[in-house]
Peer 1: 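Sharing a structure here in structure tokens format.
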Amino acid sequence: MKKYKVPRGTFDILPEESFKWQYITKTFRQTTQLFNYREIVTPIFENSEIFERSVGDTSDIVEKEMYKFQDKKGRELALRPEGTAPVVRSFVENGLHLKPNSAKLYYLGPMFRYDRPQKGRYRQFYQYGIENIGSENPFIDAEVIAFAFHFLKELGLQNFELQINSIGCENCTKEYDIALKKYFSKHLNELCSDCKTRLEKNPKRVLDCKVKNCKTIAKDAPSMLDYLDEDCKTHFSAIQKYLSEMQIPFVINPKIVRGLDYYAQTAFEIIDTNLGAQNTLIGGGRYSKLVQQLGGANISGIGFAGGFERLLLSLENENIIFGMEQKPEVYFVNLGENTKYESVKIISNLRKNGISCEFNPDKISMNAQMKEANKKGVKFCLILGENELKNNEIILKNMFTSEQQNVKRDKIIEAIITSKKS
RNA sequence: GUGGGUGUAGUUCAGCGGUAGAGCACCGGAUUGUGGUUCCGGCUGUCGCGGGUUCAAAUCCCGUCAUCCACCCCA
């Protein structure tokens, strides 16, 4: 028989793991309530153009990482590689800027990129994210960052660092790129080959290079922050002031360069320094032209996205206690043939009364049933045998204390409820 | 797309030319109406796949696929 495996870069979330994912989802949803964000659910696939237009057709995501396909009518579609563009598409398509309470949106779900898998990076990966569309007020920037910060704290995470930067608007970038090119061309021979091409395509990327030589050269490169115009400068310092007032610690990292084309001004990352190469927990930033690019009004937005897989790695590193795996409350032990119809009746009645109950008809001996009850970690066993059937009773055993009592069968529910409290 | 490590039981791994092994997990029994601890017994494999070398390959060689880590990129 042929054995099948999950496709490369994908994975199953098994029952023994899934409660951890639920914990993250639950905590995220709680945070959305606190900040009053509402869920938006968009399709898993979109017209390819939406990403090509917004993310930037020279970006790696569009150039080589998109799962593109044609449907039977020849439509060019793509599995979504990220969440912002679809949300903005929907925002524009449905005229959400005219609807009340629709500027603050959150989403959850799988994204797809044809990357080479490695630690913390998969081809199908799960993201949570928020978008706040319609305001340029720096308070919103600070609030979006505060959301991310609050969420991680709420999960119980300790070791992470918030890094912020402003990459300026179009005007600032123009001058800055010229300055960077001028600086780096003096050191052209010392740069790695990747950086030589970066210098042409997107000189800011050189700042991000991890090659030692490039790093040392980049150290003395002109800083973006010195090239911000007045508007961007005041915007950026306002954010810092707000963050300080909210007691959110941050460091300014002028080397943060968001990879996607649509970013402008605010860029931020939250990283976990003991995670490995893929250590960005959350990445976000402001986009000023994206809404317009996708056919909407000339309004700006800001958002972030984070990956579940990396978050899970961090949480496990820090031994965060997740929610508990679900357990049944009662394990039902049936002894023999004559009692089985009465057993079925009782089990059904328990569930009607909201008491979760497990029963295994394939286990015959009492020993085997008790063993399984123990393995499942239930607090109670209900035991029904010939004697109890005759006396109209049943045994209720507390597995934690080993105490047991005979109770009348019409008093089972009450007996369990009172024992639950003790 | 590039480089390196690793593929053996459900799982973690040992074996590294001569009849496929251990721990954990699972199942059963000791206890035929009472679990956890203990003891006893049992189950499972195209040794990732294809080819080559050899009297003989899990073991050596080549290819391939998968996986992990790193580059790249990013969540």
Side-chain angles (χ1 to χ4, degrees), chain A residues 1-11 14 16 55 58-65 80-84 108-129 148 192-195 197-198 202 205 208-211 256-260 263 269-272 275-285 303-314 331 333-336 339 362-389 395-404 406:
Chain A
M1 219 13 195
K2 191 182 170 185
K3 285 192 177 175
Y4 293 98
K5 277 197 207 163
V6 289
R8 176 152 216 224
T10 68
F11 54 90
L14 301 177
E16 65 223 47
V55 177
T58 58
S59 69
D60 279 12
I61 290 179
V62 168
E63 255 183 0
K64 45 189 203 199
E65 295 172 7
R80 59 183 186 192
E82 58 102 37
T84 302
L108 286 163
M111 306 294 164
F112 306 83
R113 287 182 207 171
Y114 192 86
D115 252 356
R116 188 99 176 238
Q118 72 181 78
K119 186 174 187 170
R121 189 172 76 186
Y122 301 91
R123 290 187 170 175
Q124 171 169 341
F125 56 102
Y126 292 81
Q127 280 194 338
Y128 52 88
C192 71
S193 57
D194 279 337
C195 279
T197 50
R198 282 191 188 113
N202 188 350
R205 290 280 176 80
D208 215 19
C209 186
K210 277 151 196 155
V211 177
I256 293 182
V257 192
R258 303 270 74 221
L260 317 185
Y263 286 109
E269 279 183 13
I270 296 179
I271 62 166
D272 179 340
L275 210 55
Q278 308 299 329
N279 63 1
T280 306
L281 252 28
I282 286 177
F304 72 73
F308 272 69
E309 295 81 4
R310 290 177 195 180
L311 190 51
L312 214 51
L313 288 173
S314 293
Y331 188 95
V333 178
N334 172 65
L335 303 174
T339 48
D362 293 324
K363 300 268 184 210
I364 307 299
S365 78
M366 183 174 196
N367 195 34
Q369 292 183 74
M370 293 302 289
K371 269 187 175 163
E372 187 167 75
N374 192 57
K375 226 174 292 168
K376 301 229 184 227
V378 297
K379 186 171 180 187
F380 298 109
C381 272
L382 279 174
I383 305 165
L384 185 70
E386 300 276 356
N387 298 338
E388 291 74 28
L389 189 67
I395 297 171
L396 175 63
K397 173 160 184 167
N398 183 323
M399 297 296 278
F400 297 168
T401 63
S402 294
E403 285 164 5
Q404 65 178 53
N406 284 47

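Below, each value reflects all heavy atoms present in this structure, side chains not excepted, and no hydrogens, waters or symmetry copies. Residue numbers begin at 1 in each chain, while the letters A, B, ... track the order of the sequences.
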Peer 1: Can you tell me the distance, in whole Å, between the CD atom of A/E386 and the C1' atom of B/U34?
Peer 2: 17 Å
Peer 1: Given B/G35, is OP1 or OP2 found less than 4.0 Å from the side-chain N or O atoms of A/N367?
Peer 2: yes
Peer 1: When rounded to the nearest Å, what value does the distance between P atoms of B/C40 and B/C68 take?
Peer 2: 39 Å
Peer 1: What nucleic acid atoms does A/Y128 come within less than 4.0 Å of, heavy atoms only: base, sugar-phosphate, or nothing?
Peer 2: nothing
Peer 1: When you compare B/U2 with B/C72, how far apart are their C1' atoms, in angstrom units rounded to a whole number?
Peer 2: 9 Å
Peer 1: Would you kindly compare A/Q278 and A/A368 by the position of their nearest RNA chain B nucleotide and give the one closer to the 5′ end?
Peer 2: A/A368
Peer 1: Mind checking the C1' distance from B/G52 to B/U44? Whole angstroms is fine.
Peer 2: 32 Å
Peer 1: Using a cut-off of 4.0 Å on non-hydrogen atoms, how would the nucleic acid contact of A/A305 be classed: base, sugar-phosphate, or nothing?
Peer 2: sugar-phosphate
Peer 1: Indicate, with a heavy-atom threshold strictly under 4.0 Å, whether A/E372 touches base, sugar-phosphate, or nothing.
Peer 2: nothing
Peer 1: Can you give me the dot-bracket string for RNA chain B, 5' to 3', counting Watson-Crick and G-U wobble pairs with both distances under 3.5 Å, using [ ] for crossing pairs and | for partners on another strand?
Peer 2: ((((((((.[[[[.)..(..]]]].(((((.......))))).....[[[[[..)....]]]]])))))))....
Peer 1: Between B/G45 and B/G21, how many Å separate the two P atoms, rounded to a whole number?
Peer 2: 13 Å
Peer 1: Counting any heavy atom closer than 4.0 Å, what does A/K397 reach on the DNA or RNA strands: base, sugar-phosphate only, or nothing?
Peer 2: base
Peer 1: So which protein N/O to nucleotides 64-67 of chain B N/O distances come out below 3.5 Å?
Peer 2:
from: B/A66; atom 1: O2'; to: A/K5; atom 2: NZ; distance (Å): 3.3
from: B/U67; atom 1: OP1; to: A/G9; atom 2: N; distance (Å): 3.3
from: B/U67; atom 1: OP2; to: A/R8; atom 2: NE; distance (Å): 2.5

Peer 1: Please state how far atom CD in A/Q118 lies from atom C1' in B/G1, giving the value in whole angstrom units.
Peer 2: 14 Å
Peer 1: Can you tell me, in whole Å, how much space there is between the P of B/C69 and that of B/A30?
Peer 2: 47 Å
Peer 1: On a plain distance test, is the side chain of A/R121 in donor-acceptor contact with the base of B/C68 below 3.5 Å?
Peer 2: no
Peer 1: Using a heavy-atom cut-off of 4.0 Å across all strands, would you classify A/I395 as base, sugar-phosphate, or nothing?
Peer 2: base
Peer 1: Atom CG of A/D115 and atom C1' of B/C71: how far apart are they, to the nearest Å?
Peer 2: 12 Å
Peer 1: So how far is it from A/L281 CG to A/L313 CG, rounded to the nearest 0.5 Å?
Peer 2: 9.0 Å
Peer 1: With rounding to whole Å, what would you report as the distance between B/G51 and B/A58 at their P atoms?
Peer 2: 14 Å
Peer 1: Roughly how many Å is it from NZ in A/K371 to P in B/G29, rounded to a whole number?
Peer 2: 7 Å
Peer 1: Please indicate yes or no: is the ring centre of A/F308 less than 5.5 Å from the centre of the six-membered base ring of B/A75, with the two planes inclined by under 30 degrees?
Peer 2: no
Peer 1: Remember a base hit wins even if backbone is also touched, and classify A/G120 as base, sugar-phosphate or nothing at under 4.0 Å, heavy atoms.
Peer 2: base
Peer 1: Ignoring hydrogens and angles, answer whether the base of B/U34 and the side-chain atoms of A/Q369 contain a donor-acceptor pair closer than 3.5 Å.
Peer 2: no
Peer 1: Base of B/G33, side chain of A/E388 - is there a donor-acceptor contact under 3.5 Å?
Peer 2: yes
Peer 1: Taking only the C1' atom of each, what is the distance from B/C47 to B/C60 in whole angstrom?
Peer 2: 15 Å
Peer 1: Using only modelled atom types and a 3.5 angstrom limit, is any donor from either the side chain of A/S365 or the base of B/G29 paired with an acceptor on the other?
Peer 2: no
Peer 1: Tell me the interatomic distance from A/L396, atom CG, to B/G33, atom C1', rounded to whole angstroms.
Peer 2: 16 Å
Peer 1: Under the ring-ring contact (aromatic ring centres under 6.0 Å, His included) test, which residues partner A/F308, sequence neighbours left out?
Peer 2: A/W21, A/Y128
Peer 1: Rounding to an integer number of angstrom, what distance separates B/U31 and B/C24 when you compare their P atoms?
Peer 2: 24 Å
Peer 1: Mind checking A/K363 for me? I need base, sugar-phosphate or nothing, with any heavy atom below 4.0 Å counting as a touch.
Peer 2: sugar-phosphate
